[in-house]
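Read the structure below first, then the notes.
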There are 2 protein chains.
Amino acid sequence: MTSRTAEAPAGPPNPRRAEILGAAAELFARRGYHGASIGDLGRAVGLTGPALYRHFSGKEAVLAEMLLDISERLLAEGVRRAADPDPERALDALLGWHIAFALDNPALITVHERELDNVPEPQRHRVRRLQRAYVEEWVAVLRRLSPGLPDERTRAGVHACFGLLNSTPRSAAGLDRDAMGGLLHAMARSALEGVR
Amino acid sequence: MTSRTAEAPAGPPNPRRAEILGAAAELFARRGYHGASIGDLGRAVGLTGPALYRHFSGKEAVLAEMLLDISERLLAEGVRRAADPDPERALDALLGWHIAFALDNPALITVHERELDNVPEPQRHRVRRLQRAYVEEWVAVLRRLSPGLPDERTRAGVHACFGLLNSTPRSAAGLDRDAMGGLLHAMARSALEGVR
DNA sequence: TGCCGATGTTAACGGCCGTTAACAAGTCTA
DNA sequence: TAGACTTGTTAACGGCCGTTAACATCGGCA
């Protein structure tokens, strides 16, 4: 039994897989899932289209693995940072994490935000659960920070805050990374204070 | 000379065209430009695919007209509201306008945000100019409100603010329209204060 | 009444898409 | 050295896409 069309990455991390996933993220972000063909993905890493099937079971599998990976990474570190006993520091740590991720992986953030509907069904549910859990980490911290607020309002506020933070890839402003990070941090902090 | 495949809406407003544009906005927003076929668009208004060519010169023309219309509406009313001599009131008016538009036309806002790259070239440039002009209305108001701030930072802040406001369609939260509008207004105001 | 423009339909086109088949070359090992 | 596994290629498939052609129907008007 070999890893011909492995669905889950079990063995040693295959560098070719990672290379394909990186190129696919860029293409999916720029042109949308349906706007990027298998041939495009292959060409982006110096291969022909059909060669992709040596590493993934199909186009949907590429997207599914990409979104699962993002959601897991966001959640894992999110849980870690939200654990700070001081809710103020926890919130700043969450903001720092999400902002760093968005600035370092603009394509991933874009795909994560837009393409969930194209993930086939067994995995879509898992991604949705991970995304929801990530949101709940933020909600829990905000609840500690200002209890008594209706959860629905807090949740809506967190979603709006993500909209602000994830806008980074669209506004390739003339600001350098640190300035942009600082701006986003300040704006998001203020916006969340505006919720209560 | 009839209006067989009119590019620009000149004569009386054709209700069929408007109907198609509305259905197309919904489909483009939900599945992306490349994810919705001409057959889908036709079916959504009770027609077959080829019937669309009686009203538009092609699929790209549908998208182009949609984005031009949105950009023009946003800018026209934006100019009007930004003209308030009191910059505080001008900002609140801009916020109110953009929030109302986003809450009333979530599909349009989504398409406007995502699908510019699929607009063919003569019109893409016009849309970009209109979008830029709209942003500059906001920047001008903010400049009056806190002069001395570098324009680059202000512009980045406006883009981030749009990210917050335009996140509405993605967060179908359990809040009713007025509560959601109030929340977005409060968060955006605070976020923009965080810029300075 | 007879025509004509407007607005539909179905049938057919060329092309690109995702995917599979068949084959080739390199590498590792018994 | 012979075989097997891995990873690539090119060729071919069925299908859907955007678009055009050819034809039907209907309402308004000379």
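In the text below, chain A, chain B and the rest are named by the order of the sequence lines, each starting its count at 1.
- Across all strands shown, S37(B) has heavy atoms under 4.0 Å from sugar-phosphate atoms exclusively, and none from any base.
- Using modelled atom types and a 3.5 Å distance limit, the side chains of N166(A) and H112(A) yield no donor-acceptor pair.
- dG8(C) atom P lies 10 Å from atom CG of L52(B), rounded to whole Å.
- For the pair H34(A) NE2 and dC17(D) C1', the interatomic distance rounds to 13 Å; values are reported in whole Å.
- Between the side chains of T154(B) and D151(B), no donor N or O sits under 3.5 Å from an acceptor N or O.
- Across the protein-nucleic acid pair, R17(B) atom CZ and dT7(C) atom C1' stand 14 Å apart, rounded to whole Å.
- If you measure from atom CZ of R43(A) to atom C1' of dC17(C), you get 12 Å, rounded to the nearest angstrom.
- Listed nucleotides: dA11(C), dC23(D), dA22(C). Nearest to the side chain of R54(A): dA22(C).
- In this structure, OH of Y53(B) is placed 5 Å from C1' of dT19(D), rounded to the nearest angstrom.
- In this structure, the separation between CG on L47(B) and CD1 on I20(B) is 6.0 Å, given to the nearest 0.5 Å.
- As a whole-Å value, the separation of L63(B) CG from dG18(D) P is 13 Å.
- Distances shown here put every side-chain N or O of R16(B) at or beyond 4.0 Å from the OP1 or OP2 atom of dA6(C).
- Atom pair I38(B):CD1 and dC13(C):P shows a separation of 20 Å (rounding to whole Å applied).
- At a threshold of 4.0 angstrom between heavy atoms, the contacts of G49(B) with the nucleic acid are absent.
- Taking atom NZ of residue K59(B) and atom C1' of nucleotide dC16(D), one finds them 12 Å apart after rounding to whole Å.
- Ring geometry for W138(A) versus F162(A): interplanar angle over 60°, hence perpendicular rather than tilted (30 to 60°).
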